[in-house]
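First the structure, in the form of structure tokens, and then the observations on it.
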Amino acid sequence: MAEAAVRDIGAGILPGFGLWPGWLSPPDQATLLETVLAAIDEAPLYQPVTPGGRPFSVRMTNMGSLGWVSDRAGYRYQPTHPETGRPWPAIPPMLLALWAEATGREDQPDACLVNLYRNSAKMGLHQDRDEADMGAPVVSVSLGDTAMFRIGPADGGRTATVRLASGDVCALSGPARLARHGIDRVLEESSRLIAGGGRINLTLRKAA
DNA sequence: TAGTAGCT
DNA sequence: GCTA
């Protein structure tokens, strides 16, 4: 894993948003994908619903001691898979190392949300605010097809679009920790990493 | 208000 | 990219 210069696209747009294009080499992407697919075998992807009962277009699962879930009861972190009732699989060591390098922190993330975008799946503009410790950054790893990521200030100013390609890592920290962000669309067939196409996003957080 | 549709 |  190469040392990557932080590209803070925030200068004048959004301070605290870090972007590391190409953090993971193609071989590292393939290795990570294998690990994630094994976790998905243990904790199958499912389609959550919003508290209002609307289905998400992305399919989700989690790794770590806590996983982010949504259902009619609301958003929360919980230690077990909502369908199997089993604990989530562990966060792979490769991702713990990535967190340490990207954040420079001594602690470890306890939650890794796995989102699969396939068949025109999107994610509306939102803020990550279900974590107990909102001082800790959020780190995102992209695998597979390129996404059009939209990000803007927490208080509702202008948004900017950033392309996130396979192997890119980005982070929301400090003044960008509560940034509004979402996925407008995924560019089909822009990567050959994932059999059957699509994009997997891994989001590392401190939930507790 | 972690959705979706529809318009500029 | 914004509004409902």
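Protein chains get the first letters and strands the later ones, always in sequence-line order, with residue 1 at the start of each.
In this structure, A/Phe56 places its CZ atom 5 Å from P of B/dG3, rounding to the nearest Å. Here B/dT1 presents its C1' atom at 17 Å from CD1 of A/Ile183, a figure rounded to the nearest Å. In this structure, the CZ atom of A/Arg180 is 8 Å from the P atom of C/dC2, given to the nearest Å. The distance between atom CG of A/Asn119 and atom P of B/dT4, rounded to the nearest whole Å, is 13 Å. Atom CZ in A/Arg158 sits about 11 Å away from atom C1' in C/dC2, given to the nearest Å. Whole-Å rounding puts the A/Asp184 CG to B/dT4 C1' distance at 13 Å. Rounded to an integer number of Å, the gap from CZ of A/Arg150 to C1' of C/dG1 is 6 Å. Residue A/His181 contributes atom NE2, which lies 13 Å from atom C1' of B/dT1 at whole-angstrom precision.
A/Asp130 comes within 4.0 angstrom of a nucleotide base, judged by non-hydrogen atoms across all strands. A/Pro55 comes within contact range of the sugar-phosphate backbone alone, with a heavy-atom separation under 4.0 Å but no base atom that close. Contacts of A/Arg205 with the nucleic acid, taken as non-hydrogen atoms under 4.0 Å apart, include base atoms.
Taking atom P on both B/dT4 and B/dT8, the two are 23 Å apart, rounded to the nearest angstrom.
Side chain of A/Ser166 to main chain of A/Gly144: a donor-acceptor pair is present (N/O by atom type, distance under 3.5 Å, no hydrogens or angles). Checked by atom type and distance alone, the side chain of A/Trp68 never pairs as donor or acceptor with a backbone atom of A/Val114 at under 3.5 Å. Here the side chain of A/Thr80 pairs no donor or acceptor atom with the backbone of A/Arg86 at under 3.5 angstrom. In this structure, the side chain of A/Ser142 does not engage the main chain of A/Asn201 through any donor-acceptor pair within 3.5 Å.
Phosphate contact (OP1/OP2 of B/dG3, side-chain N/O of A/Ser57, threshold under 4.0 Å): absent. At B/dT4, none of the side-chain N or O atoms of A/Thr50 fall inside 4.0 Å of OP1 or OP2 (strictly under the cut-off).
Between A/His181 and A/Phe149, the ring-plane angle classifies as tilted under the 30° and 60° cut-offs.
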